[in-house]
Structures are given as structure tokens and as C-alpha cells.
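Following: one structure in C-alpha cells, then a few remarks.
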Amino acid sequence: MRLLVVNPNTTPSMTRTIGAAARAVAAPGTEIVAVEPSMGPASIEGVYDGALAVPGLLQTIAAQPADGIVIACFDDTGLDAARSAAAVPVVGIGEAAYHVASLVSDRFTVITTLSRSVPVIERNLAVTGLRSRCARVRASDIPVLALEEPGSDARRRISDMVARALQEDGADGIVLGCAGMADFAAELSRAHGVPVIDGVAAAVKLIESLLALGLSTSKAGIWARPLAKPYQGSLAAFSPRS
Ligand code: 5HY
């Protein structure tokens, strides 16, 4: 099977980190195609970036045939629109991480980047129905692109926050709240002795499971196919066809 793993921001080095995390867990018969749009924000930090990332995300999805799609932004950017447009299953790394965390921990803390991402994640948790299983959403105050800067102390700061979450939040599991943290999970889980979930890996395995079960997105409700109509201006390329 061929999985399209889309980093909705336009930073290729993050896409490489995401692609490596996806390939590390992919089954032998799964091809991972990790890509990012040519237009949109360099990183997604808050609702405005999230909205402006969606056209590029949808354009990238439309251009790449795949058996399944992973949206590799922890905010699950454009997930509803992608599920409406795509004929194959689509999973966001945020929702994947919440569901997997709920199977291996009673209460999990999410550790993300900036505080502006916290309400976005809390809203997504509510939509997913797992907010009651989340002990707390913590902001590390590390900008998304700072996670991979050479010499960054991000790993240490995230590890310190994991320790505080286990001591203070009543959490027995951790969710890493940014695709850019995908390569931190194994080391943090070993260091702290609890499950630490990376959404990229979780989403790849969930998409593989959906395909193995022969399941795809229901088109009988909110994710119905878009209606054919003209779109004006630069969005004309997005005009749904019948
Ligand atoms: C992400 N932003 O996973 C989110 C995380 C965040 O560009 N990729 C991004 O901070 O909201």
C-alpha cells in the first residue's frame, strides 16, 4: 500500500523528520511518500496559520494518488476538508495520538509548542471525545521550527516537562504535541518509563489497520463529497468537479 504523509507546513526539513518517523514503523508492504505543499506557512502556530495551510494541503493531496493519507500536523489541520475531498481514509496525527494514548494510559498529558496551540488542541480533544482522558495540555514555549535547530535544548526542555507532567498532572502517559517532536518519543519513553506517543507513528499504523479492515471515510454525513460548483480567483483550481 502507498501512504501519503503530508506535512501541511512548507518546511522540508520537518517533512524529512516526519517521513523518517513514518518509515520507522511502516509495515514491509507500505510505501511512505512524505511531502509538503509549495504554498502556505513555514510552520503552523495557531488558527490563522492553520486556515492558510489548508489550500496547499488539499492541492498536495489532490496531486498524489495514495491508498491512505496522514495529515502530519498535530492540530489536524484541514482534516475535515481532506476527508470530504479524498476517496481514501485520512487520519490526523493529533487524533491518532489521542486514541492510541487512551489505549495504553489512563490519563495523558499533551506537551506541545506554543501556548497559542493549547486551545486548538483542547478543542480537537473535545471533538474526538477524549478530552476527559487528557490530564492537561502543556505548552513548552518552544516554537515549531526551533525544535530542530542545531544545538537546540528542546529535547531537554521537553524531557523536563515530561517529568513535571508525571509528578503534577496525574498523568501516566505522554502525547507529543507537534510533528516536529516525532523523533523524541522512544528516548523519552525509555528515560521516563511511561508510554510516550508520537502521532506520526500512531497515524501510520491506524491507517494501515483501516485499510486491512477494508474501511474508509463515510460519505453519508459531514464528510460528503464536495458539490460541483465554480470557485473564483486563485482558488479556481480547487473548484470541485462532479
Ligand atoms: C505541527 N505545527 O505539528 C504543529 C504543532 C503546533 O507546523 N506542525 C506545525 O505547534 O501546533
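All ligand and atom numbering here is 1-based and tracks the order in the structure. Values below: all heavy atoms of this structure, side chains included; hydrogens, waters and symmetry mates excluded. One is the number of the first residue; the rest follow in order along the sequence.
- Nearest approach of V5 to A72, heavy atoms of both residues: CG1-CB, 4.0 Å.
- Taking atom 5 (C) of ligand 1 as the reference point, the nearest protein heavy-atom neighbour is C178 SG, 3.6 Å.
- Look at R156 and D160 and you find a salt bridge, because one of the NZ, NE, NH1 or NH2 atoms lies within 4.0 Å of a carboxylate O, short of that distance.
- Contacts between S117 and ligand 1, counted as non-hydrogen atom pairs separated by less than 4.0 Å, involve the side chain only.
- Residue, atom and distance of the protein heavy atom nearest to atom 11 (O) of ligand 1 are D75 OD1, 2.8 Å.
- For N9, a nitrogen or oxygen atom sits less than 3.5 Å from a nitrogen or oxygen atom of ligand 1, counting backbone and side chain alike.
- Backbone and side-chain nitrogen or oxygen atoms of V144 are examined, and none is located within less than 3.5 angstrom of a nitrogen or oxygen of ligand 1.
- Partner V90 forms a side-chain contact (heavy atoms from CB on, under 4.5 Å) with one of I71, L4, V6 and no other, that one being I71.
- The nearest protein atom to atom 10 (O) of ligand 1, hydrogens excluded, is given as T113 OG1, 2.4 Å; this is a heavy-atom distance.
- Considering all non-hydrogen atoms of both residues, P37 and P8 come closest at CG-O, 3.6 Å.
- Nearest protein heavy-atom contact of atom 4 (C) of ligand 1 is C73 SG, 3.5 Å.
- Against a heavy-atom cut-off of under 4.0 Å, A179 is close to the following atoms of ligand 1: 1 (C), 3 (O).
- Between Y98 and F108, the angle of the ring planes stays under 30°, which puts this pair in the parallel group of the 30/60° scheme.
- Considering I111, I158, L188 in turn, L188 is the only one that fulfils the side-chain contact (heavy atoms from CB on, under 4.5 Å) rule with V196.
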- Item | Chi angles and distances behind the side-chain contact (heavy atoms from CB on, under 4.5 Å) call for I197, V104 | CA-CA 10 Å; I197 289 93; V104 293; 4.0 Å; yes

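- If you look at I44 next to ligand 1, the close heavy atoms, those under 4.0 Å, come from the backbone and the side chain alike.
- For a threshold of 3.5 Å applied to N or O pairs, the pair formed by L114 and ligand 1 contains no separation below that value.
- Atoms of ligand 1 found under 4.0 Å from any heavy atom of S43, numbered from 1 in the order shown, are 7 (O).
- No side-chain heavy atom of I207 sits less than 4.5 Å from a side-chain heavy atom of T30.
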